[in-house]
Amino acid sequence: MATKYVKKFLYNLLLHAVALAMFGFWLFLFKYVWILGIILIILTASYSTYKELTEEYKKQLDYLKQVLDLTSKSEHLWKQSLIEKSAGYPTLLTAIQEYQTLIDNKTSQSLADKKHPAYKASEVVKNESQRRRAAELVAKQTQAIIEYYESIAPFLIDLKNDVVDANDTELYREYSEEEQLDPARQYLTKEEFRKLPTAIRNQMALDRYWKRPKSKWLIGRMYERFVGYVYEQQGFDVEYVGIFKGFEDLGRDLICQKGNNFIVIQCKNWSKFKTIYEKHIFQFFGTVFQYRDANPSRNVTAVFYTSTQLSDLARRFSKELHIDLQENFKFDPNYPCIKCNISK
């Protein structure tokens with residue numbers, strides 16, 4: 001602060017000395033009057049420096065008061081945020097927006113206060129910053145709500161980036177009701193589907209199915225089919241709940257039955273870089289508990305299949321909740337994925 005004051009004082013001193021030298025040189029013709037001129041220069045420079053610094057620090061003080069005012073709300077802010085979790089933290093995000101407003105206004109004001117003021121640019125920055133903040137508020141609140149829903153219903157994460165092709169409905173109209181039930185139709189042209197022999201067209205459709213890129217949703221369903229096949233080979237009757245009931249499965253992808261023994265299975269075919277956390281285990285335990293409660297006469301066990309691995313804490317919870325784990329269980333694309341009825 002002292003250095004800044006000295007610099008400004010010397011600058012104003014030089015400025016006033018030049019002014020007096022140009023317009024008051026006649027003062028030096030009189031005896032001792034030049035001393036009065038020097039004193040006048042020093043006093044004028046000091047006052048100008050004081051005035052400039054006072055205005056500058058007043059602006060900084062006003063800015064700090066606004067920051068302190070926001071900080072004083074912190075206790076109420078955090079308490080309110082805990083209450084508003086399911087609504088996307090509106091109080092917290094509004095406070096962040098207010099803080100960002102201070103920063104944006106300071107940038108805008110600096111354009112207006114600089115040596116060569118840019119008032120128009122300052123106004124543009126102010127208006128555009130306001131629009132950006134409003135958009136960011138909506139985006140952050142939406143993201144917070146999505147993350148909250150995913151935390152209490154982890155199966156929603158599996159549906160990310162899966163987009164249904166709107167053109168499918170139009171294509172369906174070109175086929176009869178019976179033809180629409182044949183999944184091979186999706187991988188063949190209309191001419192191939194209607195003219196090729198059944199065995200040839202099915203093999204052609206299967207080859208194209210394996211070659212085409214697949215959505216995360218479809219890869220997950222393939223994984224469920226594969227795990228179900230493993231249990232069918234062990235003599236279980238397998239109900240593919242996740243595939244045929246969708247959201248109604250409540251996280252129970254497969255229900256395998258052999259006599260009075262029932263195994264509830266959840267499948268997660270995830271990238272090796274992703275980890276299963278305890279929230280997924282809690283959600284699965286909840287749906288298994290509900291199934292046991294609805295079927296008290298059945299001997300129900302639970303198994304969690306995943307192509308990746310669990311966190312240490314999730315693994316501990318699985319053990320305590322009596323959920324068997326099958327980690328790093330990879331999908332085998334060579335398993336017999338089509339059931340055929342072969343005549344004699």
Side-chain angles (χ1 to χ4, degrees), residues 150 153-163 183-184 186-187 202-203 205-247 249-258 261-285 287-288 291 300-340:
E150 288 178 350
F155 65 87
L156 293 175
I157 300 173
D158 298 337
L159 302 178
K160 280 186 175 179
N161 303 320
D162 288 322
V163 181
Q186 302 176 44
Y187 303 93
N202 285 347
Q203 186 61 51
L206 181 61
D207 293 340
R208 291 176 180 175
Y209 170 81
W210 285 119
K211 290 178 182 179
R212 286 187 184 180
K214 298 169 183 62
S215 68
K216 292 181 180 179
W217 179 87
L218 184 56
I219 292 172
R221 293 299 176 257
M222 289 164 53
Y223 190 66
E224 292 174 23
R225 283 285 194 184
F226 173 59
V227 174
Y229 167 76
V230 171
Y231 278 84
E232 287 174 349
Q233 292 300 103
Q234 299 174 27
F236 283 88
D237 291 326
V238 180
E239 181 183 359
Y240 294 88
V241 186
I243 293 175
F244 293 106
K245 292 189 178 180
F247 290 116
D249 69 351
L250 301 176
R252 299 189 287 260
D253 296 324
L254 305 173
I255 297 179
C256 305
Q257 177 189 3
K258 185 188 290 186
N261 295 321
F262 289 79
I263 304 176
V264 179
I265 298 175
Q266 187 171 89
C267 305
K268 295 289 185 188
N269 185 28
W270 282 6
S271 164
K272 64 180 180 180
F273 302 108
K274 295 182 69 176
T275 303
I276 303 292
Y277 291 101
E278 54 274 12
K279 64 181 180 182
H280 302 97
I281 299 301
F282 293 155
Q283 186 260 335
F284 181 47
F285 173 76
T287 193
V288 172
Y291 186 81
V300 180
T301 56
V303 184
F304 193 99
Y305 276 83
T306 178
S307 56
T308 181
Q309 60 185 12
L310 281 73
S311 67
D312 292 338
L313 185 58
R315 201 174 290 115
R316 287 171 54 197
F317 276 120
S318 298
K319 184 177 180 180
E320 292 296 326
L321 297 174
H322 304 290
I323 296 174
D324 293 334
L325 297 179
Q326 293 292 332
E327 298 181 80
N328 297 307
F329 190 85
K330 305 300 182 184
F331 173 73
D332 181 4
N334 296 316
Y335 87 100
C337 55
I338 294 182
K339 295 181 178 180
C340 300

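Residue numbers start at 1 and run along the sequence shown.
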> Would N261 and T301 satisfy side-chain contact (heavy atoms from CB on, under 4.5 Å), going step by step from the backbone distance to the final call?
Replying inline: CA-CA 8 Å; N261 295 321; T301 56; over 6 Å; no
> Can you tell me if T308 uses its side chain to pair, donor with acceptor, with the backbone of K274 under 3.5 Å?
Replying inline: yes
> In chain order, what residues pass the side chain to side chain donor-acceptor pair (under 3.5 Å) check against D207, with sequence neighbours excluded?
Replying inline: Q203
> Can you name the residues that form a side chain to side chain donor-acceptor pair (under 3.5 Å) with Y305, not counting sequence neighbours?
Replying inline: Y231
>> List the residues meeting ring pair (Phe, Tyr, Trp, His ring centres under 6.0 Å) with F262, not counting sequence neighbours, and say none if there are none.
In response: none
> Which residues pass the side-chain contact (heavy atoms from CB on, under 4.5 Å) test with R316, sequence neighbours left out?
Replying inline: L313
> Are side-chain heavy atoms of L254 and Y240 found at a separation under 4.5 Å?
Replying inline: yes
> How many angstroms lie between CG in D253 and CZ in F284, if you round to the nearest 0.5 Å?
Replying inline: 8.0 Å
> Which distance, rounded to the nearest 0.5 Å, do you find between the CZ of F304 and the CD of Q326?
Replying inline: 11.5 Å
> Can you name the ring pair (Phe, Tyr, Trp, His ring centres under 6.0 Å) partners of Y223, sequence neighbours left out?
Replying inline: none
> Which residues pass the side chain to side chain donor-acceptor pair (under 3.5 Å) test with Y291, sequence neighbours left out?
Replying inline: R298
> Passes side-chain contact (heavy atoms from CB on, under 4.5 Å), V288 versus I323? Steps please.
Replying inline: CA-CA 10 Å; V288 172; I323 296 174; 5.8 Å; no
>> Among residues at least two apart in sequence or on other chains, which ones pass side-chain contact (heavy atoms from CB on, under 4.5 Å) with Y229?
In response: E232, Q233, Y335, P336
> What distance do M222 atom CE and R225 atom CZ have between them, rounded to the nearest 0.5 Å?
Replying inline: 11.5 Å
>> Can a donor-acceptor pair be found, under 3.5 Å and without considering hydrogens, that links the side chain of K268 to the backbone of H280?
In response: no
>> Using the side chain to side chain donor-acceptor pair (under 3.5 Å) criterion, which residues pair with S307? Sequence neighbours excluded.
In response: N269
>> What's the separation between atom CD1 in I281 and atom CD in Q266, rounded to the nearest 0.5 Å?
In response: 7.5 Å
>> Ignoring hydrogens, what is the shortest heavy-atom contact between G228 and V238? Give both atom names and the distance.
In response: O-CG2, 3.5 Å
> Hey, what do you get for CG (L310) to CZ (F317), rounding to the nearest 0.5 Å?
Replying inline: 12.0 Å
>> Can you list everything that forms a ring pair (Phe, Tyr, Trp, His ring centres under 6.0 Å) with F285? Sequence neighbours excluded, please.
In response: none
>> Checking T275 now: which residues fulfil side-chain contact (heavy atoms from CB on, under 4.5 Å) with it, not counting sequence neighbours?
In response: Y277, S311
> Quick one: salt bridge (Lys or Arg N to Asp or Glu O under 4.0 Å) pairs with a partner in residues 319-328, sequence neighbours left out?
Replying inline: R315-E327
> What heavy-atom pair brings V241 and R252 nearest, and what distance separates the two atoms?
Replying inline: CB-O, 3.2 Å
> What pairs with D332 under side-chain contact (heavy atoms from CB on, under 4.5 Å), at least two apart in sequence or on another chain?
Replying inline: F226, N334
